[in-house]
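Beneath this line is the structure, given in structure tokens, with notes to follow.
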Amino acid sequence: MSTYDDIVQLALERGFYFPSCELYSDSSAGFWEYGPNGVKIKNNFLELWRRELVRRDAMLEIDGTQIMSRSVFQASGHLKNFSDPVVKCTKCKSSFRADKLIQDEVNIEVPERLQNDKVDMLIKENNIRCPSCKGELSTSERFNMMFKVEIGPNHDEAYLRPETCQSIFVDFQRIFKVSRRKLPLGIAQIGKSFRNEISPRQGLLRLREFYQAEIEIFCNPNKLDDLQKFESVRNTVLRIYDNQQTMEVTAAEALERKIIPNKLVAYYLALLVEFFNKTGIVNKRTRLRRLSDDEKAFYSSIAFDFEVDTSSGWLELVACNYRSDYDLLSHSATSKANLQVMDDEVKVLPHVFELSLGVDRCIYSILEHSYFIDREKDDRILLKLKPYLSPIHAGVLPLLKKDEFKAKSFNLVSLLNRDFDIFYDESGSIGRRYRRLEEIGTPFAFTIDHQTMDDDTVTIRYRDSMNQERIKINDVHSFLTKSLSVDR
RNA sequence: GCGACGGUCGUCCAGUUUGGUCUAGGACAUCAGAUUGCCAAUCUGGUAACCCGGGUUCAAAUCCCGGCCGUCGCACCA
């Protein structure tokens, strides 16, 4: 059984995540729910993201709507670029990209944005038939990866956003005006995005409805190397993959060797790497892959993918794109608003460097890199999650199911449960209870035993080492506070 | 979306070939009780499933058709 299967099984058994609407047989692929443990680890992950990126760099966070008007996607290019003409064979039901099919069959250039009836005409004129069975082709239809929704009684056209960043671009002007901030300015957002994938697969790795945590850095394109705060990350080691090889260089070296073109990009890539070093994802199994020209999105001039090695290969977690002025320019043109801002007495249309993170993929990767089977100890399964990411911070367990043990336990629980995620468990043997806790990554367990009755100390048991120590009940709260803090 | 294979308690699996024995069985997990008292112990008892819809039949987990989901391959992935 592969690690992927292990994780899926653990997710199902312990409520990390599971298929949406599974009670009903008409549930669709590509939709997954986070269960109780999954929500907690996701929240903890996002709080770490806020800490290490948003707060550290004094970014501003917003929360935009998921439904956005048609014009937004006209400006962003999604209406045009996100939709393909598709024809189906009436006989064998195969479907084809109409523009590509015509191009292949008749060898003429077909513009992507050709009207449906023109496509149909071309197919008819050239007598194009199904390439696999020679059956007759249907008239063409548009397949757009965006989910269309209708608003109000007039069915006004709108869409579920296919990426969260559009909210940031359309909100930029107001935020910049009212926040009294200067360039460069990071605006961040956590939220859901929606893509009508043709064939979603592999659980959390490819979803139709998914979480993104995006950061858009608005900057003056003439000042990309004017960045004092770069000094704080100049020695941060980046693992960069380029030309089929991975090299480890500091941020400063990467600049000197022109692997990264400017300080601004280098600084944010370094922040991102430092953030991931605190997630429990193994550093040596990550890389910043420099994208070649033909892999880049059309709007991107500099592109790195932050990737992680998983049991199903290298997986893209964060797309880092220098989008230049593509977004603000097109929103400016479509909306007729002037989106220029003042920077040092000069009017400038900001450029954008983007860090677009796929939350669900990160959660999966963290689970996979944390999953261990302890062959020394009866093959116990444990998730070696960072304590601050764990869905349960600590267990509170009475050694015996006696009233005085329970009473002491409840006291301890009430001392802790407003500040930490605590699980109280009195059922079964003590060993079994420890095993259940460590399977969901709980780093500590406090056991109320006979000695507790004498001196108000409890046993603390550590997940990874299984070691035990005694600690005063009154010190437990500060112990947890200290143990759950994130290293600087 | 196409093709191949699959879908049975929370999880994994048996049963499907040859319809009736299935009132659907086991293991692990879970719950209650007993026992033990610091690492998945033991005993007793319990909860819990044939993916959905239609068809064939006296009778369907089992055969047929359609749908949905999953795995893999192809295509797709701004």
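Numbers restart at 1 for each chain; the letters A, B, ... are given by sequence-line order, proteins then strands. Basis for what follows: all heavy atoms, side chains included, without hydrogens, waters or symmetry-related copies.
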Does A:Lys377 place a side-chain N or O at less than 4.0 Å from the phosphate oxygens OP1/OP2 of B:A40? no
List in numerical order all residues of residues 302-328 of chain A for which some heavy atom is under 4.0 Å away from an atom belonging to RNA chain B. none
Just to be sure I understand the geometry, which residues of residues 444-453 of chain A put a non-hydrogen atom under 4.0 Å away from RNA chain B? A:Thr447, A:Asp449, A:His450
Assign each of A:Leu23 and A:Glu438 the nucleotide of RNA chain B bearing its closest heavy atom; nearer the 5' end lies the nucleotide of A:Glu438
Nearest-angstrom distance, C1' atom, B:U44 to B:U36: 16 Å
Given the structure, check if the side chain of A:Arg461 and the base of B:C38 hold any donor-acceptor pair shorter than 3.5 Å. no
List, with names and distances, any nitrogen or oxygen atoms from the protein found under 3.5 Å away from nitrogen or oxygen atoms belonging to nucleotides 8-12 of chain B.
residue: B:U11; atom: O4'; partner: A:Glu13; partner atom: OE2; Å: 3.2
residue: B:U11; atom: O2'; partner: A:Gln9; partner atom: NE2; Å: 2.6
residue: B:U11; atom: O2'; partner: A:Glu13; partner atom: OE2; Å: 3.1

Which whole-number value in Å describes the distance from A:Met146 CE to B:A78 C1'? 10 Å
A:Asp454 atom CG, over 12 foreign heavy atoms within 6.0 Å: yes
Which is more 5' along RNA chain B, the nucleotide nearest A:Arg206 or the one nearest A:Arg435? Just name the residue. A:Arg435
Polar-atom pairs under 3.5 Å, protein N or O versus N or O of nucleotides 67-69 of chain B: list them with distances, or write none.
residue: B:C68; atom: O4'; partner: A:Ser25; partner atom: O; Å: 3.4
residue: B:C68; atom: O3'; partner: A:Ser27; partner atom: O; Å: 3.1
residue: B:C68; atom: O2'; partner: A:Ser25; partner atom: O; Å: 2.4
residue: B:C68; atom: O2'; partner: A:Ser27; partner atom: O; Å: 2.9
residue: B:C69; atom: OP1; partner: A:Ala29; partner atom: N; Å: 2.8

With P as the reference atom in both, quote the distance from B:C72 to B:C13 in angstrom, rounded to an integer. 16 Å
Under the side-chain hydrogen bond (donor to acceptor under 3.5 Å, both in side chains) definition, can you give me all pairs with a residue in residues 406-415 of chain A, not counting sequence neighbours? A:Lys408-A:Asp456
Rounded to whole angstrom, note down the P distance from B:G10 over to B:G55. 28 Å
Between B:A40 and B:U11, how far is it from one C1' atom to the other, in whole Å? 16 Å
Nucleotides 43-49 of chain B: which of its N/O atoms have a protein N/O under 3.5 Å away?
none

Closest to the A:Tyr434 side chain: B:A40, B:G37, B:C38? B:C38
For RNA chain B, what is the dot-bracket line, given that a base pair needs Watson-Crick (N1 to N3, plus N6-O4 or O6-N4) or G-U wobble (N1-O2 and O6-N3) geometry with both distances under 3.5 Å, and | means paired with another strand? (((((((..((((......[....)))).(((((.......)))))....(((((..]....))))))))))))....
Show me the protein contacts with nucleotides 24-28 of chain B, counting only N or O atoms at under 3.5 Å.
none

For A:Arg161, what residues pass the salt bridge (charged side-chain N to carboxylate O under 4.0 Å, His left out) criterion, not counting sequence neighbours? none
Measure from CG on A:Asp425 to P on B:C38 and round the result to the nearest Å. 17 Å
Going by atom type alone, with no hydrogens or angles, which donor-acceptor pairs under 3.5 Å involve a side-chain atom of residues 422-432 of chain A and a protein atom two or more places apart or on another chain?
residue: A:Tyr424; atom: OH; partner: A:Glu426; partner atom: OE1; Å: 2.7
residue: A:Asp425; atom: OD1; partner: A:Ser427; partner atom: N; Å: 3.0
residue: A:Asp425; atom: OD2; partner: A:Arg436; partner atom: NH2; Å: 3.2
residue: A:Ser429; atom: OG; partner: A:Arg432; partner atom: N; Å: 3.3

Has the side chain of A:Gln468 got a donor or acceptor that lies under 3.5 Å from a partner of the other kind on the base of B:C38? yes
Remember a base hit wins even if backbone is also touched, and classify A:Ser76 as base, sugar-phosphate or nothing at under 4.0 Å, heavy atoms. nothing
C1' spacing across the pair B:A60 / B:U16, given as an integer number of angstrom: 10 Å
By salt bridge (charged side-chain N to carboxylate O under 4.0 Å, His left out), which residues pair with A:Asp156, not counting sequence neighbours? none
More than 12 foreign heavy atoms under 6.0 Å from NZ of A:Lys192: is that the case here? yes
With respect to the side chain of A:Arg195, which nucleotide from B:C38, B:A78, B:G37 is positioned closest? B:A78
Check whether NZ of the Lys or CZ of the Arg A:Arg289 lies under 6.0 Å from the centre of the six-membered ring of A:Trp314 and within 45 degrees of that ring's axis. no
Expressed as a whole number of Å, how far does the C1' atom of B:A24 sit from that of B:C9? 11 Å
B:G70 and B:C12, which share atom name P, separated by this distance in whole Å: 15 Å
Check the interface with nucleotides 71-73 of chain B: list each N/O to N/O pair with the protein under 3.5 Å, or write none.
residue: B:C72; atom: N4; partner: A:Arg201; partner atom: NH2; Å: 3.0
residue: B:G73; atom: O6; partner: A:Arg201; partner atom: NH2; Å: 2.7

